[in-house]
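Notes follow the structure.
Hydrogens, waters and symmetry mates play no part in the numbers below; they use all other heavy atoms, side chains included.
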Number of protein chains: 2
Amino acid sequence: MVQQPDGGRRSPLNRDRVLRAAVALADAAGIDSLSMRNLAQELGVVPMALYKHVANKEELLEGMVDVIVGEIDPPDLDTGWKTGIRQRILSARRALLRHPWASRVIESRSQPTLLVLDYLDSIAGTFRAGGLSVDLTHHVMHVLGSRVWGFTQELFPASPLPAEPEAHAAMFRELAGRYPHIAEIATSGAHDEGSVVGRGCDDQFEFEFALDLLLDGFERLHQQGWQSGNRS
Amino acid sequence: MVQQPDGGRRSPLNRDRVLRAAVALADAAGIDSLSMRNLAQELGVVPMALYKHVANKEELLEGMVDVIVGEIDPPDLDTGWKTGIRQRILSARRALLRHPWASRVIESRSQPTLLVLDYLDSIAGTFRAGGLSVDLTHHVMHVLGSRVWGFTQELFPASPLPAEPEAHAAMFRELAGRYPHIAEIATSGAHDEGSVVGRGCDDQFEFEFALDLLLDGFERLHQQGWQSGNRS
DNA sequence: ACCTGAACACCGTTCAAGT
DNA sequence: ACCTGAACACCGTTCAAGT
(Lines give C-alpha, C1' and ligand atoms only; values in the text may rest on other atoms or scores of the structure.)
Protein backbone atom coordinates (compact mmCIF):
# COMPACT_ATOMS: atom_id res chain seq x y z
CA MET A 1 0.00 0.00 0.00
CA VAL A 2 1.52 3.33 -1.08
CA GLN A 3 1.29 6.17 1.39
CA GLN A 4 -1.33 8.76 0.54
CA PRO A 5 -1.41 11.61 3.05
CA ASP A 6 -4.58 13.10 1.59
CA GLY A 7 -6.35 9.82 1.00
CA GLY A 8 -5.71 10.23 -2.70
CA ARG A 9 -8.80 12.37 -3.05
CA ARG A 10 -8.18 15.93 -1.90
CA SER A 11 -6.32 17.44 -4.85
CA PRO A 12 -7.84 16.96 -8.31
CA LEU A 13 -6.19 14.38 -10.49
CA ASN A 14 -3.57 15.68 -12.90
CA ARG A 15 -0.83 14.17 -15.01
CA ASP A 16 1.86 14.88 -12.44
CA ARG A 17 -0.05 13.22 -9.61
CA VAL A 18 -0.73 10.22 -11.84
CA LEU A 19 2.96 9.86 -12.71
CA ARG A 20 4.16 10.30 -9.15
CA ALA A 21 1.66 7.74 -7.91
CA ALA A 22 2.75 5.32 -10.63
CA VAL A 23 6.41 5.70 -9.63
CA ALA A 24 5.51 5.23 -5.96
CA LEU A 25 3.44 2.16 -6.73
CA ALA A 26 6.19 0.60 -8.86
CA ASP A 27 8.75 1.38 -6.14
CA ALA A 28 6.62 -0.16 -3.42
CA ALA A 29 4.91 -3.11 -5.09
CA GLY A 30 7.05 -3.81 -8.16
CA ILE A 31 6.48 -3.05 -11.81
CA ASP A 32 4.37 -6.18 -12.28
CA SER A 33 1.81 -4.75 -9.90
CA LEU A 34 1.52 -1.55 -11.88
CA SER A 35 -1.71 -1.99 -13.80
CA MET A 36 -4.04 0.77 -14.82
CA ARG A 37 -6.60 -0.79 -12.52
CA ASN A 38 -4.28 -0.98 -9.49
CA LEU A 39 -3.01 2.55 -10.07
CA ALA A 40 -6.56 3.89 -10.28
CA GLN A 41 -7.47 2.15 -7.04
CA GLU A 42 -4.38 3.60 -5.35
CA LEU A 43 -5.53 7.07 -6.40
CA GLY A 44 -9.11 6.41 -5.37
CA VAL A 45 -10.50 6.87 -8.86
CA VAL A 46 -12.14 4.68 -11.47
CA PRO A 47 -9.69 3.18 -14.01
CA MET A 48 -11.05 5.22 -16.90
CA ALA A 49 -10.28 8.45 -15.06
CA LEU A 50 -6.57 7.87 -15.76
CA TYR A 51 -7.15 8.05 -19.50
CA LYS A 52 -7.90 11.74 -19.15
CA HIS A 53 -4.24 12.32 -18.24
CA VAL A 54 -2.34 9.66 -20.16
CA ALA A 55 -3.41 8.35 -23.54
CA ASN A 56 -2.61 4.74 -22.66
CA LYS A 57 -0.27 2.63 -20.59
CA GLU A 58 2.66 3.23 -22.96
CA GLU A 59 2.41 6.95 -22.30
CA LEU A 60 2.23 6.30 -18.57
CA LEU A 61 5.50 4.37 -18.73
CA GLU A 62 7.09 7.11 -20.84
CA GLY A 63 6.14 9.64 -18.21
CA MET A 64 7.63 7.47 -15.50
CA VAL A 65 10.93 7.31 -17.41
CA ASP A 66 10.92 11.09 -17.57
CA VAL A 67 10.52 11.26 -13.80
CA ILE A 68 13.67 9.15 -13.43
CA VAL A 69 15.63 11.09 -16.07
CA GLY A 70 14.72 14.23 -14.14
CA GLU A 71 16.56 12.82 -11.13
CA ILE A 72 19.91 12.71 -12.96
CA ASP A 73 22.30 15.46 -11.80
CA PRO A 74 22.92 18.32 -14.24
CA PRO A 75 26.33 18.33 -15.92
CA ASP A 76 29.34 19.66 -14.02
CA LEU A 77 30.94 22.08 -16.47
CA ASP A 78 34.23 22.44 -14.61
CA THR A 79 35.77 19.06 -15.44
CA GLY A 80 37.27 17.30 -18.43
CA TRP A 81 35.02 15.17 -20.64
CA LYS A 82 36.11 11.93 -19.01
CA THR A 83 35.29 12.99 -15.47
CA GLY A 84 32.14 14.75 -16.65
CA ILE A 85 30.76 11.68 -18.40
CA ARG A 86 31.78 9.46 -15.50
CA GLN A 87 30.02 11.60 -12.90
CA ARG A 88 26.89 11.93 -15.00
CA ILE A 89 26.60 8.20 -15.65
CA LEU A 90 27.20 7.35 -12.01
CA SER A 91 24.47 9.83 -11.09
CA ALA A 92 22.13 8.12 -13.55
CA ARG A 93 23.06 4.85 -11.89
CA ARG A 94 22.13 6.16 -8.45
CA ALA A 95 18.75 7.27 -9.79
CA LEU A 96 18.20 3.84 -11.30
CA LEU A 97 19.15 2.03 -8.12
CA ARG A 98 16.48 4.04 -6.29
CA HIS A 99 13.89 2.69 -8.74
CA PRO A 100 14.70 -0.96 -9.49
CA TRP A 101 11.94 -1.23 -12.10
CA ALA A 102 13.32 1.64 -14.19
CA SER A 103 15.91 -0.26 -16.24
CA ARG A 104 13.31 -2.72 -17.49
CA VAL A 105 10.94 0.08 -18.39
CA ILE A 106 13.67 2.08 -20.16
CA GLU A 107 14.69 -0.88 -22.30
CA SER A 108 11.10 -1.63 -23.27
CA ARG A 109 10.36 1.87 -24.64
CA SER A 110 10.14 2.17 -28.41
CA GLN A 111 10.39 5.97 -28.65
CA PRO A 112 12.76 8.26 -26.74
CA THR A 113 11.03 11.12 -24.95
CA LEU A 114 12.20 14.71 -25.31
CA LEU A 115 13.85 14.54 -21.89
CA VAL A 116 15.68 11.36 -22.88
CA LEU A 117 16.97 13.11 -26.00
CA ASP A 118 18.05 16.09 -23.89
CA TYR A 119 20.14 13.81 -21.72
CA LEU A 120 21.70 11.98 -24.66
CA ASP A 121 22.43 15.23 -26.47
CA SER A 122 24.13 16.54 -23.37
CA ILE A 123 26.32 13.43 -23.15
CA ALA A 124 27.24 13.69 -26.83
CA GLY A 125 27.96 17.40 -26.31
CA THR A 126 30.41 16.57 -23.52
CA PHE A 127 32.39 14.26 -25.83
CA ARG A 128 32.39 16.92 -28.56
CA ALA A 129 33.51 19.63 -26.15
CA GLY A 130 36.37 17.31 -25.19
CA GLY A 131 37.51 17.36 -28.79
CA LEU A 132 36.29 13.96 -29.97
CA SER A 133 35.26 13.90 -33.61
CA VAL A 134 31.62 13.59 -34.62
CA ASP A 135 32.30 10.08 -35.88
CA LEU A 136 34.09 8.90 -32.77
CA THR A 137 31.41 10.47 -30.57
CA HIS A 138 28.78 8.57 -32.52
CA HIS A 139 30.42 5.17 -32.13
CA VAL A 140 31.35 5.81 -28.53
CA MET A 141 27.72 6.57 -27.69
CA HIS A 142 26.74 3.22 -29.19
CA VAL A 143 29.44 1.44 -27.20
CA LEU A 144 28.09 2.93 -23.98
CA GLY A 145 24.61 1.69 -24.84
CA SER A 146 22.48 1.19 -21.77
CA ARG A 147 25.46 2.12 -19.60
CA VAL A 148 24.60 5.80 -20.12
CA TRP A 149 21.57 5.01 -17.96
CA GLY A 150 23.73 3.41 -15.32
CA PHE A 151 22.74 -0.18 -15.88
CA THR A 152 24.08 -3.09 -17.82
CA GLN A 153 22.43 -6.15 -19.18
CA GLU A 154 23.89 -8.84 -16.98
CA LEU A 155 24.71 -12.30 -18.26
CA PHE A 156 21.79 -13.48 -16.21
CA PRO A 157 20.08 -12.16 -13.12
CA ALA A 158 21.48 -13.29 -9.81
CA SER A 159 19.96 -16.63 -8.93
CA PRO A 160 18.42 -16.65 -5.50
CA LEU A 161 20.35 -19.07 -3.32
CA PRO A 162 18.60 -22.04 -1.80
CA ALA A 163 17.97 -21.18 1.81
CA GLU A 164 19.05 -24.49 3.36
CA PRO A 165 22.85 -24.84 3.66
CA GLU A 166 22.92 -28.52 2.64
CA ALA A 167 20.94 -27.85 -0.56
CA HIS A 168 23.32 -24.97 -1.15
CA ALA A 169 26.39 -27.17 -0.82
CA ALA A 170 24.89 -29.90 -3.00
CA MET A 171 24.08 -27.43 -5.72
CA PHE A 172 27.58 -26.06 -5.58
CA ARG A 173 29.21 -29.48 -5.96
CA GLU A 174 27.08 -30.17 -9.01
CA LEU A 175 27.97 -26.77 -10.40
CA ALA A 176 31.68 -27.28 -9.84
CA GLY A 177 31.63 -30.61 -11.65
CA ARG A 178 29.92 -29.43 -14.77
CA TYR A 179 31.08 -25.80 -14.85
CA PRO A 180 34.68 -25.67 -13.59
CA HIS A 181 35.44 -22.18 -14.87
CA ILE A 182 32.30 -20.64 -13.49
CA ALA A 183 32.97 -22.40 -10.19
CA GLU A 184 36.52 -21.08 -9.86
CA ILE A 185 35.23 -17.57 -10.45
CA ALA A 186 32.47 -18.04 -7.91
CA THR A 187 34.86 -19.29 -5.23
CA SER A 188 37.68 -16.81 -5.82
CA GLY A 189 38.39 -13.34 -4.59
CA ALA A 190 36.36 -11.15 -2.33
CA HIS A 191 33.10 -13.07 -2.64
CA ASP A 192 31.03 -14.75 -0.05
CA GLU A 193 32.81 -18.06 0.24
CA GLY A 194 31.09 -20.76 -1.80
CA SER A 195 28.56 -18.36 -3.24
CA VAL A 196 26.76 -19.30 -6.40
CA VAL A 197 27.42 -17.50 -9.66
CA GLY A 198 26.22 -13.96 -9.72
CA ARG A 199 25.79 -13.73 -5.97
CA GLY A 200 28.46 -12.05 -4.01
CA CYS A 201 29.60 -9.99 -6.99
CA ASP A 202 30.10 -6.34 -6.19
CA ASP A 203 27.80 -4.80 -8.78
CA GLN A 204 29.12 -1.30 -8.25
CA PHE A 205 32.72 -2.45 -8.72
CA GLU A 206 31.81 -4.33 -11.90
CA PHE A 207 29.98 -1.31 -13.26
CA GLU A 208 32.82 1.11 -12.59
CA PHE A 209 35.40 -1.39 -13.85
CA ALA A 210 33.57 -1.63 -17.17
CA LEU A 211 32.88 2.10 -17.37
CA ASP A 212 36.53 3.00 -16.78
CA LEU A 213 37.70 0.36 -19.24
CA LEU A 214 35.46 1.96 -21.85
CA LEU A 215 36.40 5.56 -21.04
CA ASP A 216 40.11 4.64 -21.15
CA GLY A 217 39.51 3.00 -24.52
CA PHE A 218 37.72 6.07 -25.82
CA GLU A 219 40.54 8.31 -24.68
CA ARG A 220 43.13 6.10 -26.35
CA LEU A 221 41.26 6.13 -29.67
CA HIS A 222 40.86 9.89 -29.45
CA GLN A 223 44.53 10.48 -28.73
CA GLN A 224 45.49 8.17 -31.61
CA GLY A 225 43.38 10.31 -33.92
CA TRP A 226 40.97 7.47 -34.69
CA GLN A 227 39.02 7.73 -37.94
CA SER A 228 36.56 5.37 -39.67
CA GLY A 229 38.30 2.54 -41.46
CA ASN A 230 41.44 3.32 -39.50
CA ARG A 231 41.34 0.68 -36.78
CA SER A 232 44.78 -0.48 -35.69
CA MET B 1 0.21 -18.53 -40.00
CA VAL B 2 3.15 -20.83 -39.34
CA GLN B 3 3.70 -23.62 -41.83
CA GLN B 4 2.66 -27.03 -40.58
CA PRO B 5 3.36 -29.80 -43.12
CA ASP B 6 1.45 -32.39 -41.12
CA GLY B 7 -1.38 -30.15 -40.10
CA GLY B 8 0.04 -30.17 -36.59
CA ARG B 9 -1.72 -33.40 -35.81
CA ARG B 10 0.12 -36.39 -37.25
CA SER B 11 2.95 -36.86 -34.77
CA PRO B 12 2.04 -36.97 -31.09
CA LEU B 13 2.81 -33.83 -29.13
CA ASN B 14 6.13 -33.79 -27.32
CA ARG B 15 8.31 -31.18 -25.70
CA ASP B 16 10.51 -30.78 -28.75
CA ARG B 17 7.58 -30.19 -31.10
CA VAL B 18 6.12 -27.68 -28.65
CA LEU B 19 9.39 -25.76 -28.47
CA ARG B 20 9.99 -25.78 -32.22
CA ALA B 21 6.44 -24.58 -32.85
CA ALA B 22 6.88 -21.83 -30.27
CA VAL B 23 10.09 -20.64 -31.96
CA ALA B 24 8.41 -20.75 -35.37
CA LEU B 25 5.41 -18.82 -34.08
CA ALA B 26 7.59 -16.16 -32.44
CA ASP B 27 9.67 -15.87 -35.63
CA ALA B 28 6.61 -15.50 -37.83
CA ALA B 29 4.17 -13.50 -35.73
CA GLY B 30 6.34 -11.82 -33.11
CA ILE B 31 6.86 -12.60 -29.45
CA ASP B 32 3.76 -10.65 -28.44
CA SER B 33 1.64 -13.15 -30.38
CA LEU B 34 3.13 -16.06 -28.50
CA SER B 35 0.45 -16.97 -25.99
CA MET B 36 -0.26 -20.44 -24.69
CA ARG B 37 -3.62 -20.21 -26.38
CA ASN B 38 -2.21 -19.17 -29.78
CA LEU B 39 0.50 -21.79 -29.62
CA ALA B 40 -2.02 -24.51 -28.83
CA GLN B 41 -4.18 -23.45 -31.74
CA GLU B 42 -1.15 -23.52 -34.05
CA LEU B 43 -0.51 -27.10 -32.94
CA GLY B 44 -4.15 -28.07 -33.24
CA VAL B 45 -4.52 -28.93 -29.57
CA VAL B 46 -6.40 -27.55 -26.61
CA PRO B 47 -4.39 -25.04 -24.51
CA MET B 48 -4.17 -27.36 -21.51
CA ALA B 49 -2.46 -30.03 -23.61
CA LEU B 50 0.71 -27.90 -23.60
CA TYR B 51 0.98 -28.16 -19.83
CA LYS B 52 1.82 -31.83 -20.18
CA HIS B 53 5.13 -30.84 -21.80
CA VAL B 54 6.04 -27.54 -20.17
CA ALA B 55 5.16 -26.68 -16.59
CA ASN B 56 4.18 -23.12 -17.45
CA LYS B 57 4.96 -20.27 -19.82
CA GLU B 58 8.26 -19.49 -18.08
CA GLU B 59 9.49 -22.98 -18.84
CA LEU B 60 8.35 -22.62 -22.43
CA LEU B 61 10.45 -19.47 -22.80
CA GLU B 62 13.43 -21.18 -21.15
CA GLY B 63 13.17 -23.99 -23.67
CA MET B 64 13.05 -21.48 -26.50
CA VAL B 65 16.26 -19.86 -25.25
CA ASP B 66 17.89 -23.28 -25.25
CA VAL B 67 16.89 -23.74 -28.89
CA ILE B 68 18.72 -20.51 -29.76
CA VAL B 69 21.76 -21.34 -27.62
CA GLY B 70 21.92 -24.65 -29.48
CA GLU B 71 22.41 -22.72 -32.72
CA ILE B 72 25.67 -21.12 -31.55
CA ASP B 73 28.73 -22.64 -33.26
CA PRO B 74 30.94 -24.87 -31.09
CA PRO B 75 34.30 -23.37 -30.10
CA ASP B 76 37.18 -23.36 -32.58
CA LEU B 77 40.06 -24.77 -30.59
CA ASP B 78 42.77 -23.78 -33.06
CA THR B 79 42.85 -20.03 -32.41
CA GLY B 80 44.00 -17.66 -29.70
CA TRP B 81 41.56 -16.60 -27.00
CA LYS B 82 40.82 -13.28 -28.67
CA THR B 83 39.84 -14.75 -32.02
CA GLY B 84 38.05 -17.60 -30.35
CA ILE B 85 35.86 -15.35 -28.24
CA ARG B 86 35.27 -13.02 -31.17
CA GLN B 87 34.11 -15.82 -33.47
CA ARG B 88 31.90 -17.36 -30.83
CA ILE B 89 30.18 -14.09 -29.99
CA LEU B 90 29.65 -13.21 -33.64
CA SER B 91 28.10 -16.67 -34.10
CA ALA B 92 25.77 -15.99 -31.18
CA ARG B 93 24.89 -12.71 -32.83
CA ARG B 94 23.98 -14.44 -36.10
CA ALA B 95 21.69 -16.81 -34.18
CA LEU B 96 20.05 -13.89 -32.45
CA LEU B 97 19.53 -11.99 -35.67
CA ARG B 98 17.66 -15.00 -37.05
CA HIS B 99 15.26 -14.78 -34.08
CA PRO B 100 14.59 -11.11 -33.36
CA TRP B 101 12.52 -11.91 -30.27
CA ALA B 102 15.36 -13.85 -28.60
CA SER B 103 17.23 -10.96 -27.00
CA ARG B 104 14.13 -9.76 -25.17
CA VAL B 105 13.38 -13.28 -23.96
CA ILE B 106 16.98 -13.84 -22.83
CA GLU B 107 17.04 -10.66 -20.80
CA SER B 108 13.74 -11.46 -19.14
CA ARG B 109 14.83 -14.89 -17.81
CA SER B 110 15.49 -15.09 -14.09
CA GLN B 111 17.35 -18.41 -14.06
CA PRO B 112 20.07 -19.57 -16.47
CA THR B 113 19.41 -22.95 -18.02
CA LEU B 114 22.03 -25.70 -18.06
CA LEU B 115 22.77 -24.97 -21.73
CA VAL B 116 23.25 -21.30 -20.95
CA LEU B 117 25.71 -22.19 -18.20
CA ASP B 118 27.52 -24.53 -20.62
CA TYR B 119 27.99 -21.67 -23.04
CA LEU B 120 29.16 -19.23 -20.36
CA ASP B 121 31.54 -21.79 -18.88
CA SER B 122 33.01 -22.36 -22.31
CA ILE B 123 33.57 -18.63 -22.80
CA ALA B 124 35.20 -18.32 -19.37
CA GLY B 125 37.32 -21.38 -20.18
CA THR B 126 38.61 -19.70 -23.34
CA PHE B 127 39.82 -16.68 -21.36
CA ARG B 128 41.47 -18.97 -18.79
CA ALA B 129 43.15 -21.05 -21.50
CA GLY B 130 44.51 -17.77 -22.88
CA GLY B 131 46.23 -17.18 -19.56
CA LEU B 132 43.92 -14.56 -18.03
CA SER B 133 43.69 -14.80 -14.25
CA VAL B 134 40.54 -16.02 -12.56
CA ASP B 135 39.88 -12.50 -11.29
CA LEU B 136 40.36 -10.81 -14.64
CA THR B 137 38.24 -13.46 -16.36
CA HIS B 138 35.50 -12.77 -13.85
CA HIS B 139 35.41 -9.02 -14.40
CA VAL B 140 35.83 -9.37 -18.13
CA MET B 141 32.76 -11.62 -18.30
CA HIS B 142 30.78 -8.94 -16.50
CA VAL B 143 32.03 -6.28 -18.89
CA LEU B 144 30.85 -8.33 -21.85
CA GLY B 145 27.40 -8.65 -20.30
CA SER B 146 24.72 -9.24 -22.89
CA ARG B 147 27.34 -8.91 -25.62
CA VAL B 148 28.23 -12.58 -25.09
CA TRP B 149 24.80 -13.24 -26.60
CA GLY B 150 25.52 -11.00 -29.54
CA PHE B 151 23.24 -8.14 -28.63
CA THR B 152 23.57 -4.85 -26.85
CA GLN B 153 21.08 -2.73 -25.06
CA GLU B 154 20.79 0.22 -27.41
CA LEU B 155 20.30 3.76 -26.16
CA PHE B 156 16.83 3.52 -27.58
CA PRO B 157 15.29 1.45 -30.33
CA ALA B 158 15.43 2.90 -33.82
CA SER B 159 12.52 5.26 -34.24
CA PRO B 160 10.50 4.46 -37.32
CA LEU B 161 10.80 7.38 -39.73
CA PRO B 162 7.70 9.26 -40.75
CA ALA B 163 6.82 8.03 -44.21
CA GLU B 164 6.09 11.41 -45.79
CA PRO B 165 9.23 13.35 -46.77
CA GLU B 166 7.90 16.73 -45.63
CA ALA B 167 7.02 15.43 -42.16
CA HIS B 168 10.47 13.86 -42.14
CA ALA B 169 12.17 17.15 -42.96
CA ALA B 170 10.09 19.07 -40.44
CA MET B 171 10.94 16.59 -37.71
CA PHE B 172 14.58 16.85 -38.57
CA ARG B 173 14.64 20.64 -38.37
CA GLU B 174 13.05 20.48 -34.93
CA LEU B 175 15.54 17.85 -33.88
CA ALA B 176 18.50 19.88 -35.13
CA GLY B 177 17.39 22.96 -33.21
CA ARG B 178 16.98 21.30 -29.85
CA TYR B 179 19.56 18.51 -30.16
CA PRO B 180 22.55 19.86 -32.08
CA HIS B 181 24.95 17.09 -31.13
CA ILE B 182 22.57 14.28 -31.97
CA ALA B 183 21.78 16.03 -35.24
CA GLU B 184 25.40 16.33 -36.30
CA ILE B 185 25.88 12.63 -35.62
CA ALA B 186 22.76 11.77 -37.56
CA THR B 187 23.82 13.80 -40.58
CA SER B 188 27.47 12.77 -40.67
CA GLY B 189 29.34 9.88 -42.15
CA ALA B 190 27.99 6.92 -44.03
CA HIS B 191 24.34 7.34 -43.03
CA ASP B 192 21.33 7.90 -45.10
CA GLU B 193 21.49 11.66 -45.55
CA GLY B 194 19.17 13.44 -43.15
CA SER B 195 18.28 10.25 -41.35
CA VAL B 196 16.88 10.45 -37.87
CA VAL B 197 18.82 9.24 -34.86
CA GLY B 198 19.29 5.54 -34.72
CA ARG B 199 18.27 4.98 -38.31
CA GLY B 200 20.99 4.49 -40.86
CA CYS B 201 23.44 3.26 -38.25
CA ASP B 202 25.29 0.13 -39.29
CA ASP B 203 24.41 -2.12 -36.36
CA GLN B 204 26.95 -4.74 -37.30
CA PHE B 205 29.74 -2.16 -37.48
CA GLU B 206 28.75 -0.71 -34.11
CA PHE B 207 28.66 -4.16 -32.55
CA GLU B 208 32.07 -5.18 -33.84
CA PHE B 209 33.54 -1.76 -33.00
CA ALA B 210 32.45 -2.18 -29.39
CA LEU B 211 33.47 -5.83 -29.21
CA ASP B 212 36.96 -5.12 -30.54
CA LEU B 213 37.35 -2.13 -28.23
CA LEU B 214 36.55 -4.41 -25.31
CA LEU B 215 38.75 -7.31 -26.43
CA ASP B 216 41.67 -4.91 -26.99
CA GLY B 217 41.08 -3.52 -23.52
CA PHE B 218 41.05 -7.01 -22.02
CA GLU B 219 44.29 -7.89 -23.79
CA ARG B 220 45.96 -4.72 -22.56
CA LEU B 221 44.96 -5.39 -18.95
CA HIS B 222 46.14 -8.98 -19.23
CA GLN B 223 49.51 -7.97 -20.68
CA GLN B 224 49.93 -5.36 -17.94
CA GLY B 225 49.42 -8.08 -15.36
CA TRP B 226 46.23 -6.51 -14.02
CA GLN B 227 45.22 -7.43 -10.48
CA SER B 228 42.38 -6.29 -8.23
CA GLY B 229 43.07 -2.91 -6.67
CA ASN B 230 45.80 -2.38 -9.24
CA ARG B 231 44.08 -0.17 -11.78
CA SER B 232 46.49 2.26 -13.46
C1' DA C 1 -20.39 17.95 -21.94
C1' DC C 2 -18.64 15.08 -18.74
C1' DC C 3 -18.09 10.84 -16.24
C1' DT C 4 -18.18 5.94 -15.60
C1' DG C 5 -20.04 1.11 -15.33
C1' DA C 6 -20.35 -2.55 -18.13
C1' DA C 7 -18.51 -4.95 -21.75
C1' DC C 8 -15.03 -6.65 -25.08
C1' DA C 9 -11.27 -9.33 -26.29
C1' DC C 10 -7.84 -11.08 -24.48
C1' DC C 11 -4.24 -13.45 -20.74
C1' DG C 12 -2.06 -17.80 -17.75
C1' DT C 13 -3.59 -21.29 -15.00
C1' DT C 14 -6.78 -24.12 -11.83
C1' DC C 15 -10.02 -27.50 -11.22
C1' DA C 16 -13.61 -30.49 -11.48
C1' DA C 17 -16.42 -33.09 -14.42
C1' DG C 18 -16.51 -36.45 -18.01
C1' DT C 19 -14.63 -40.43 -20.30
C1' DA D 1 -5.89 -42.60 -15.11
C1' DC D 2 -6.22 -39.45 -18.51
C1' DC D 3 -8.04 -35.53 -20.97
C1' DT D 4 -10.35 -31.14 -21.41
C1' DG D 5 -14.13 -27.59 -21.15
C1' DA D 6 -15.43 -24.28 -18.18
C1' DA D 7 -14.15 -21.17 -14.86
C1' DC D 8 -11.19 -17.99 -12.18
C1' DA D 9 -8.79 -13.91 -11.61
C1' DC D 10 -6.82 -10.95 -13.97
C1' DC D 11 -5.34 -7.46 -18.21
C1' DG D 12 -5.83 -2.70 -21.38
C1' DT D 13 -9.19 -0.34 -23.63
C1' DT D 14 -13.82 0.74 -26.02
C1' DC D 15 -18.23 2.37 -25.83
C1' DA D 16 -22.65 3.56 -24.76
C1' DA D 17 -25.69 4.81 -21.21
C1' DG D 18 -26.49 7.92 -17.48
C1' DT D 19 -26.13 12.39 -15.35
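No engagement by D32(A) is indicated, since no non-hydrogen atom pair under 4.0 Å with the nucleic acid exists.
The CG atom of L43(A) sits 13 Å away from the P atom of dT4(C) (whole-angstrom rounding). Here the C1' atom of nucleotide dT4(C) and the CD atom of Q41(A) are 16 Å apart, to the nearest Å. Distance, L61(A) CG to dT13(D) P: 10 Å, rounded to whole Å. In this structure, K52(A) atom NZ and dC2(C) atom C1' are separated by 6 Å, rounded to whole Å. Rounded to whole angstrom, the span from the NZ atom of K57(B) across to the C1' atom of dC10(C) amounts to 12 Å. The distance from atom CE of M48(B) to atom C1' of dC11(C) is 14 Å, rounded to the nearest whole Å. Look at OH on Y51(A): it is 4 Å from P on dT13(D), rounded to the nearest Å. Rounded to an integer number of Å, the gap from CG of L60(A) to C1' of dC11(D) is 14 Å.
No salt bridge links R93(B) with D203(B); every basic N to acidic carboxylate O contact stays at or beyond 4.0 Å. Ion pairing between a basic and an acidic side chain is recognised when a charged N comes within 4.0 Å of a carboxylate O; R178(A) and D118(B) show such pairing. No salt bridge links E71(B) with R94(B); every basic N to acidic carboxylate O contact stays at or beyond 4.0 Å.
dG18(D) is paired with dC2(C) under the criterion used here, namely a Watson-Crick or G-U wobble arrangement in which both key atom distances are under 3.5 Å.
Phosphate contact (OP1/OP2 of dC11(D), side-chain N/O of N38(A), threshold under 4.0 Å): present.
Taking the side chain of R37(B) as heavy atoms from C-beta on, and the options dC11(D), dA7(D), dT4(D), the nearest nucleotide is dA7(D).
The side-chain heavy atoms of L97(A) and F151(A), taken from C-beta on, include no pair separated by under 4.5 Å.
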